[in-house]
Amino acid sequence: MISLHPLNRQQADAVLHIAVRPDQEKFAGTVAAALAEPETTVDLHEIREHDHAVGLFKIDRAYHLAHDFAAPKDLGLRGMILDRNRQGRGLGSAAMTVLKTYLASRYPDRARVWLTVNMANPTAAAVYRKAGFTETGEIWLHGKAGPQMIMFMSLEE
């Protein structure tokens with residue numbers, strides 16, 4: 001059973017064991033990098049399997065400031081990390097499937113969630129599509145690891 005929860009940075013030891021494969025770090029980053037994000041604009045969220053942390057992701061409340069395709073009432077999904085020892089079991093897909101309901105309840109004043117996914121990471125793009133994200137057909141050229149597809153999901157009914 002997969003569930004999503006806010007991550008209290010003072011209890012970050014719950015996620016310190018999580019690591020992606022070295023070849024995935026360029027796409028998702030590391031737990032240490034996620035914990036270093038400014039609390040004023042970025043919220044951390046934990047992915048749990050049976051109450052055990054298996055991943056985390058960042059929700060950027062100021063995503064529109066660095067991404068001109070997003071509006072002030074939108075969120076940005078960044079740095080989705082699933083532990084390398086738990087990959088390939090459908091946990092990432094399960095987490096993304098409940099993301100819309102989770103975000104809509106946690107951020108009721110927000111309209112959409114945006115993300116960019118590296119074009120060299122088709123597995124992640126497929127997971128996001130399956131979860132309800134829609135591609136805009138435009139490319140974000142400012143990704144650290146190369147060009148990225150722009151995708152969004154409405155949080156409104």
Side-chain angles (χ1 to χ4, degrees), residues 1-9 15 18 20 24 26-31 33-35 37-51 53-83 86-157:
M1 177 162 144
I2 290 293
S3 57
L4 307 178
H5 305 270
L7 177 64
N8 179 333
R9 291 172 197 244
V15 297
I18 296 170
V20 295
Q24 296 173 323
K26 65 184 174 192
F27 301 131
T30 64
V31 170
L35 292 171
E37 290 277 353
E39 287 185 69
T40 55
T41 57
V42 176
D43 301 325
L44 302 180
H45 298 270
E46 187 178 349
I47 302 168
R48 295 183 192 162
E49 180 186 30
H50 302 293
D51 291 326
V54 297
L56 74 141
F57 59 91
K58 301 178 283 191
I59 292 297
D60 188 342
R61 290 175 275 109
Y63 195 73
H64 68 285
L65 296 177
H67 300 84
D68 61 359
F69 51 82
K73 287 193 64 93
D74 294 340
L75 299 170
L77 173 63
R78 298 179 32 236
M80 168 45 180
I81 297 173
L82 187 64
D83 188 68
R86 304 297 177 108
Q87 293 179 11
R89 297 178 36 218
L91 301 181
S93 292
M96 291 301 100
T97 298
V98 298
L99 183 70
K100 179 178 181 172
T101 302
Y102 175 76
L103 292 180
S105 70
R106 303 265 339 145
Y107 303 92
D109 61 331
R110 301 301 177 117
R112 284 176 297 275
V113 59
W114 291 87
L115 62 82
T116 62
V117 61
N118 196 286
M119 295 179 77
N121 194 355
T123 302
V127 167
Y128 295 130
R129 270 188 224 100
K130 184 177 176 183
F133 280 87
T134 302
E135 292 175 54
T136 66
E138 296 184 25
I139 304 299
W140 178 252
L141 297 174
H142 308 290
K144 292 178 186 174
Q148 302 184 6
M149 293 179 277
I150 301 171
M151 303 177 85
F152 74 95
M153 179 169 58
S154 174
L155 298 177
E156 301 171 332
E157 291 301 317

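Since the structure is predicted, the reported quantities are computational estimates derived from the model, not experimental observations.
Ser105 and Pro108 get closest at one heavy-atom pair: O-CD, 3.8 Å. In terms of heavy atoms, Arg112 sits closest to Ala71 at NH2-CB, 4.0 Å. Between Leu4 and Ala95, the shortest heavy-atom distance links the atoms CD1-O, 3.8 Å. What you find for Arg110 and Asp74 is that their closest heavy atoms are NH1-O, 3.1 Å. Pairing each heavy atom of Leu35 with each of Leu7, the nearest pair is CD2-CD2, 4.5 Å. Counting all heavy atoms, side chain and backbone alike, Val117 lies closest to Ala124 at CG2-CB, 3.8 Å.
Met80 is listed as a side-chain neighbour of Tyr128, based on a closest heavy-atom distance under 4.5 Å. Side-chain atoms of Leu82 and Val54, non-hydrogen and from C-beta on, do get closer than 4.5 Å to each other. Side-chain atoms of Leu115 and Val113, non-hydrogen and from C-beta on, never get closer than 4.5 Å to each other. Side-chain contact between Arg129 and Met149: present, with at least one pair of heavy atoms (C-beta onward) separated by less than 4.5 Å. Within the 4.5 Å cutoff, the side chain of Leu155 has heavy atoms near those of the Leu75 side chain.
By the salt bridge (charged side-chain N to carboxylate O under 4.0 Å, His left out) test, Arg106 is found to be paired with no residue, residues two or more places apart in sequence or in another chain being considered. The side-chain hydrogen bond (donor to acceptor under 3.5 Å, both in side chains) check on Thr30 picks up nothing, with sequence neighbours excluded.
Judged by distance alone, with hydrogens and angles left aside, the side-chain atoms of Arg78 form no donor-acceptor pair with the main-chain N or O of Thr116 at under 3.5 Å. With hydrogens and angles ignored, the 3.5 Å screen pairs no side-chain donor or acceptor of Arg48 with any backbone N or O of Ala53. Formation of a donor-acceptor pair under 3.5 Å by the His64 side chain with backbone atoms of Ala70 is not found in this model.
Taken from CG in Asp109 to NZ in Lys73, the straight-line distance is 5.0 Å, to the nearest 0.5 Å. Taken from CG in Asn118 to CD in Gln148, the straight-line distance is 5.0 Å, to the nearest 0.5 Å. The CG atom of Leu44 lies 8.0 Å from the CD atom of Glu39; values are rounded to the nearest 0.5 Å. The CZ atom of Phe133 lies 10.5 Å from the NZ atom of Lys100; values are rounded to the nearest 0.5 Å. For the atom pair His45 NE2 and His5 NE2, the distance stands at 11.5 Å (nearest 0.5 Å). Put simply, CG on Asp43 and CD1 on Ile59 are 8.0 Å apart, with the number rounded to the nearest 0.5 Å.
Ring orientation note: the planes of His67 and Tyr63 are close to parallel, at an angle under 30° on the 30°/60° scale. Ring pair Trp114/Phe152 is tilted by interplanar angle, where 30° to 60° counts as tilted.
Within 6.0 Å of CD on Glu138 lie no more than 12 heavy atoms contributed by other residues, nucleotides or ligands.
Here the rule is side chain to side chain contact (heavy atoms under 4.5 Å, CB included) with Ile47, and of Ile2, Val98, Leu99 only Ile2 fits it.
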